[in-house]
J.: 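Okay, handing you the structure first.
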Amino acid sequence: MLAKTLILFGLLALAQGYSFTSREVKCHVCKATVAELEEAIAKEDPHKMADVSGFRLDAQGNSISKRVRLIKSEMFLTELMEKICEKMDDYLKATYKSNGKFTLLKMIVNGQMNPDSSLVDFVQDGDLNKSLGHFCNEVLEDNDEAFIKAFQAEELGNDLDIKICSEQAKYCNESPIQEEYNFDDKEEL
């Protein structure tokens with residue numbers, strides 16, 4: 001059923017003059033998912049702790065207690081990932097007027113209409129962008145370990161979307177920006 005829906009979605013897009021692949025859509029959905037997860041995590045108290053001891057016992061039969069920051073716990077991240085795809089209802093498929101490239105545009109940013117909405121043409125589709133939620137669920141199901149591992153890292157970094165969506169999931173072609181190397185301070189060989 002999903003395959004038929006994707007084929008129909010692709011044919012509909014081609015009929016309207018838009019040509020983008022499901023991989024392109026997954027790339028943008030993956031990036032939006034990372035951004036939404038980062039935003040949701042930023043709203044949590046970073047000092048709040050969670051007990052992740054489970055039912056493990058030490059040699060004396062005492063419960064082993066381990067506490068980690070809530071935002072780094074697998075339980076918290078899993079629960080967050082189960083709800084995050086609902087946020088895809090806030091996005092619309094679009095193409096940039098300047099170059100025709102596909103994008104996802106979040107309609108409301110900081111309580112205001114997205115200022116970039118004038119830069120794009122919105123893609124009309126029969127499913128009213130409901131496929132974005134399906135793509136989000138697929139991206140998370142196929143890469144749940146990569147998402148959890150990346151968000152459990154001590155430092156998240158600025159290119160988390162590239163690490164997950166390009167390097168791990170292989171939906172996008174981008175690579176991290178390399179820092180420029182300073183040759184002035186180095187001895188010649």
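Only heavy atoms go into these numbers, but all of them, side chains included; no hydrogens, no water, no symmetry mates.
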J.: For the CG atom of Asn143 and the CD atom of Glu138, what is their distance to the nearest 0.5 Å?
T.: 9.5 Å

J.: Quick check for you: to the nearest 0.5 Å, what is the distance between Phe135 atom CZ and Ser22 atom OG?
T.: 5.5 Å

J.: Out of curiosity, Leu80 CG to Ile84 CD1, how far, rounded to the nearest 0.5 Å?
T.: 4.5 Å

J.: Test your reading of the model: is there a side-chain donor-acceptor pair from Ser166 to the backbone of Glu174, 3.5 Å cut-off?
T.: yes

J.: Atom CD in Glu24, atom OG1 in Thr21: separation rounded to 0.5 Å?
T.: 4.0 Å

J.: For atom NZ of Lys66, is the number of surrounding heavy atoms from other residues, nucleotides or ligands below 6.0 Å larger than 12?
T.: no

J.: List for me each residue that meets side-chain hydrogen bond (donor to acceptor under 3.5 Å, both in side chains) alongside Lys170, sequence neighbours excluded, and say none if there are none.
T.: none

J.: Evaluate the side-chain contact (heavy atoms from CB on, under 4.5 Å) criterion for residues Ser98 and Leu119: first the C-alpha distance (whole Å), next the side-chain angles of each, then the deciding distance (0.1 Å), finally the verdict.
T.: CA-CA 8 Å; Ser98 63; Leu119 304 175; over 6 Å; no

J.: I need the full list of ring pair (Phe, Tyr, Trp, His ring centres under 6.0 Å) pairs touching residues 25-45, with sequence neighbours left out, sorted by first then second residue.
T.: His28-Phe102

J.: Donor-acceptor pairs under 3.5 Å, side chain of residues 36-46 to any protein atom, not counting sequence neighbours: which ones?
T.:
from, atom 1, to, atom 2, distance (Å)
Glu36, OE2, Tyr91, OH, 2.7
Glu36, OE2, Lys106, NZ, 2.8
Asp45, OD1, His47, N, 2.9

J.: Would you indicate whether the side-chain heavy atoms of Lys130 and Asp89 approach each other to under 4.5 Å?
T.: yes

J.: Could you see if Val109 belongs to whatever hydrophobic cluster contains Val120? Use Ile, Leu, Val, Met, Phe, Trp, Tyr and a side-chain cutoff under 4.5 Å.
T.: no

J.: Take a 6.0 Å sphere around CG of Asn110 and say whether it holds more than 12 heavy atoms from other residues, nucleotides or ligands.
T.: no

J.: Any side-chain heavy-atom pair from Met107 and Phe122 closer than 4.5 angstrom?
T.: yes

J.: Would you call Thr95 and Val123 a side-chain contact if the rule is heavy atoms closer than 4.5 Å?
T.: yes

J.: Using a 3.5 Å cut-off and no angle test, enumerate the donor-acceptor pairs between side-chain atoms of residues 145-155 and protein atoms at least two apart in sequence or in another chain.
T.:
from, atom 1, to, atom 2, distance (Å)
Gln152, NE2, Lys72, O, 3.1
Glu154, OE2, Arg69, NH1, 3.4

J.: Report the distance from atom CG of Asp159 to atom CD of Glu167, rounding to the nearest 0.5 Å.
T.: 7.0 Å

J.: Before you tell me yes or no, could you show the steps for Glu82 and Thr78 under side-chain contact (heavy atoms from CB on, under 4.5 Å), namely the whole-Å CA-CA distance, both residues' side-chain angles and the distance that decides it to 0.1 Å?
T.: CA-CA 6 Å; Glu82 288 174 359; Thr78 301; 3.8 Å; yes

J.: Under 4.5 Å between any side-chain heavy atoms of Thr33 and Met88, yes or no?
T.: yes

J.: Nearest heavy-atom pair of Cys27 and Tyr171: which atoms, and what distance?
T.: CB-O, 3.5 Å

J.: Are a donor atom and an acceptor atom from the side chains of Lys93 and Ser131 found within less than 3.5 Å of each other?
T.: yes

J.: Going from CD on Glu74 to CE on Met81, what distance comes out if it is rounded to the nearest 0.5 angstrom?
T.: 9.0 Å

J.: In terms of hydrophobic clusters joined by side-chain contacts under 4.5 Å, are Leu105 and Tyr96 together?
T.: yes

J.: Tell me, do Asp90 and Ile108 make a side-chain contact under 4.5 Å, heavy atoms counted?
T.: no

J.: Only counting residues at least two apart or in another chain, list the ones meeting side-chain hydrogen bond (donor to acceptor under 3.5 Å, both in side chains) with Arg23.
T.: Asn173

J.: For Asp161 and Asn158, which heavy atoms make the closest approach, and how far apart are they?
T.: OD1-O, 4.3 Å

J.: Could you list all the disulfide bond (SG atoms under 2.5 Å apart) pairs where at least one residue sits in residues 64-148, not counting sequence neighbours?
T.: Cys85-Cys136

J.: Report the C-alpha distance between Val34 and Cys165 in whole Å, list the side-chain angles of each, state the deciding distance to 0.1 Å, and finish with yes or no for side-chain contact (heavy atoms from CB on, under 4.5 Å).
T.: CA-CA 9 Å; Val34 170; Cys165 304; 4.1 Å; yes

